[in-house]
Every structure is written in structure tokens, then in C-alpha cells.
*Asks:* 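Just passing along the structure, written as C-alpha cells.
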Amino acid sequence: APDVFELAVGSGPSTLGELQLGDVVFASAALGRAMLDVFPGNGPLQLIAMGTGVTPLRAVIQEQVARQEKGELPARSLGLLHGCRDESEQLFADEFAGLRARGLLDYRPVLSRPEPGWPGLRGRVQEHVDAFSPTGASYLVCGSIGMVEDVVARLVSGGVSATSILAEGY
């Protein structure tokens with residue numbers, strides 16, 4: 001919605017919690033439409049994120065779903081592999097689970113430090129990339145530089161063309 005402003009804040013160094021009065025913060029509009037236009041068509045689109053890296057990918061998911069429901073885009077397989085330390089760090093989990101329940105998103109959270117009884121994937125998000133790579137997919141990857149480099153290397157070594165990958169590390 002145009003009147004909503006949401007902020008995803010990480011817990012590491014150099015986060016918003018460390019800002020001082022007078023510090024400058026840069027913001028931009030959600031770029032879901034622009035990122036979708038990089039990989040047009042109806043082939044599978046796999047989104048791989050770690051931590052707050054899921055935020056720009058959420059814009060892509062929202063844009064795809066909205067345009068698909070309006071009939072502006074064909075339906076396509078849309079997957080999200082999202083790595084976090086624990087359940088408390090799963091940003092937008094309820095929203096993504098709702099889309100999964102509607103059959104619009106293959107949502108797979110991965111926790112590196114789950115509580116006992118966690119029924120989902122465990123470990124680092126990179127360890128699950130091979131099982132998240134359908135034939136002919138395009139990939140958007142966002143997270144820490146190390147994670148992004150590792151995921152891209154795994155995808156390329158698995159036969160994915162570098163032209164089918166858009167990655168951003170921070």
C-alpha cells in the first residue's frame with residue numbers, strides 16, 4: 001500500500017540501532033517490479049535470502065502475486081529459501097506462510113540455531129540450495145556477502161548460467 005512504511009532492522013554492527021541524532025539514512029521505493037522485469041516470463045523464480053536480505057525479495061514476491069492476480073503476469077513457480085538464526089528472526093514469516101497456504105509461494109525457512117522441536121530445515125541456507133534448484137529457474141539472491149558468494153558459486157557449479165542469477169551482498 002502506498003501509505004505504509006515498513007523497516008527491517010538487523011541485529012549486527014552498523015544497524016539503525018547504532019544511529020546517532022543527525023546521521024543520514026537512505027531509503028528507496030520497493031523495487032519488486034524492476035527486479036521482476038530482469039527475468040520476464042513464467043519460468044521458475046527462486047529467491048534466496050539471509051536475514052534482512054529477504055526484505056527486497058519480499059517486494060518481488062508481492063509484485064509477482066499482485067500482478068498475477070490482476071492477470072498482468074502469467075503464473076509462475078515462485079520459491080523463497082530464507083535463512084535466519086532462530087524463529088524470532090524470521091521476518092514476514094506469517095505473510096510468507098499465508099502465501100504458501102494459498103499455493104503461491106514455496107516458502108522454506110532455514111534456521112541455523114533452532115529451538116528443539118523445530119520441524120523445518122536446519123543449518124546454513126547455502127546447504128539447501130541444491131534441493132532448491134529446479135530446471136530452468138532464475139535466481140535472486142540477497143544477504144551477507146559471504147552467503148551470496150557461496151550461493152552463487154554453488155548455483156554456477158550446479159550448472160546454472162550466471163545470466164540467470166541476480167545477486168546483492170552487503
*Asks:* Taking salt bridge (charged side-chain N to carboxylate O under 4.0 Å, His left out) as the cut-off, I'd like each qualifying pair that reaches into residues 102-111, sequence neighbours left out, listed once.
*Replies:* E69-R102, D106-R108

*Asks:* Please examine the side chains of L91 and T52, heavy atoms only from C-beta on, and report whether any two atoms are closer than 4.5 Å.
*Replies:*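 Yes; the side chains approach each other to less than 4.5 Å.
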
*Asks:* Are V54 and V110 co-members of a hydrophobic cluster defined by side-chain heavy atoms under 4.5 Å apart?
*Replies:* no

*Asks:* Would you compute the distance between atom OG of S133 and atom CG of L81 and round it to the nearest 0.5 angstrom?
*Replies:* 9.0 Å

*Asks:* Hey, could you give me each pair passing salt bridge (charged side-chain N to carboxylate O under 4.0 Å, His left out) that has a residue in residues 109-123? Not counting sequence neighbours.
*Replies:*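 Residue pairs with at least one partner in residues 109-123: there are none.
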
*Asks:* Mind checking the CD-CG spacing from Q62 to L99? Nearest 0.5 Å is all I need.
*Replies:*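 Spacing of CD (Q62) from CG (L99) equals 8.5 Å.
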
*Asks:* Can you name the residues that form a side chain to side chain donor-acceptor pair (under 3.5 Å) with Q68, not counting sequence neighbours?
*Replies:*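 Q64.
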
*Asks:* Find the distance between CG (L78) and CD (Q46) and round it off to the nearest 0.5 Å.
*Replies:* 7.5 Å

*Asks:* Tell me, do L45 and V60 make a side-chain contact under 4.5 Å, heavy atoms counted?
*Replies:* yes

*Asks:* Please round to the nearest 0.5 Å and tell me the distance separating atom OG of S112 and atom CG of L121.
*Replies:* 12.5 Å

*Asks:* Test V156 against I165 for side chain to side chain contact (heavy atoms under 4.5 Å, CB included), laying out the working first.
*Replies:* CA-CA 9 Å; V156 170; I165 304 168; 3.9 Å; yes

*Asks:* Which heavy-atom pair separates A49 from L57 by the least distance, and what is that distance?
*Replies:* CB-CD1, 3.7 Å

*Asks:* ring-ring contact (aromatic ring centres under 6.0 Å, His included): which pairs involve residues 101-151, sequence neighbours left out?
*Replies:* F96-Y107

*Asks:* Heavy atoms only: give me the nearest C142-G53 pair and the separation to one decimal.
*Replies:* CB-O, 3.4 Å

*Asks:* Please list, one pair per line, the donor and acceptor atoms closer than 3.5 Å that link side chains of residues 143-151 to other protein atoms, with sequence neighbours excluded.
*Replies:*
unit_1: S144; atom_1: OG; unit_2: M147; atom_2: N; d: 3.3
unit_1: D150; atom_1: OD1; unit_2: R154; atom_2: NE; d: 3.2

*Asks:* On a heavy-atom basis, which atom in A167 and which in V152 lie closest, and how many Å separate them?
*Replies:*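 That would be CB-CG2, 3.8 Å.
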
*Asks:* Is M50 reachable from L140 through a run of I, L, V, M, F, W or Y residues, each pair having side-chain heavy atoms under 4.5 Å apart?
*Replies:*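 Looking at the clustering, M50 is in a separate group from L140.
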
*Asks:* Does D86 have any side chain to side chain contact (heavy atoms under 4.5 Å, CB included) partners at least two apart in sequence or in another chain, and if so, which?
*Replies:*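 For D86 the side chain to side chain contact (heavy atoms under 4.5 Å, CB included) partners, ignoring immediate neighbours, are S88, E89.
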
*Asks:* Can you list everything that forms a salt bridge (charged side-chain N to carboxylate O under 4.0 Å, His left out) with E127? Sequence neighbours excluded, please.
*Replies:* none

*Asks:* Are any side-chain N or O atoms of H82 and backbone N or O atoms of G51, one a donor and one an acceptor, separated by less than 3.5 Å?
*Replies:* yes

*Asks:* Quick one, L80 and R100 - any side-chain contact, counting heavy atoms below 4.5 Å?
*Replies:* no

*Asks:* Would you mind listing every salt bridge (charged side-chain N to carboxylate O under 4.0 Å, His left out) that reaches into residues 158-168, with sequence neighbours excluded?
*Replies:* none

*Asks:* So, using side chain to side chain contact (heavy atoms under 4.5 Å, CB included) as the criterion, who are the partners of S161 when residues are at least two apart?
*Replies:* T163, S164

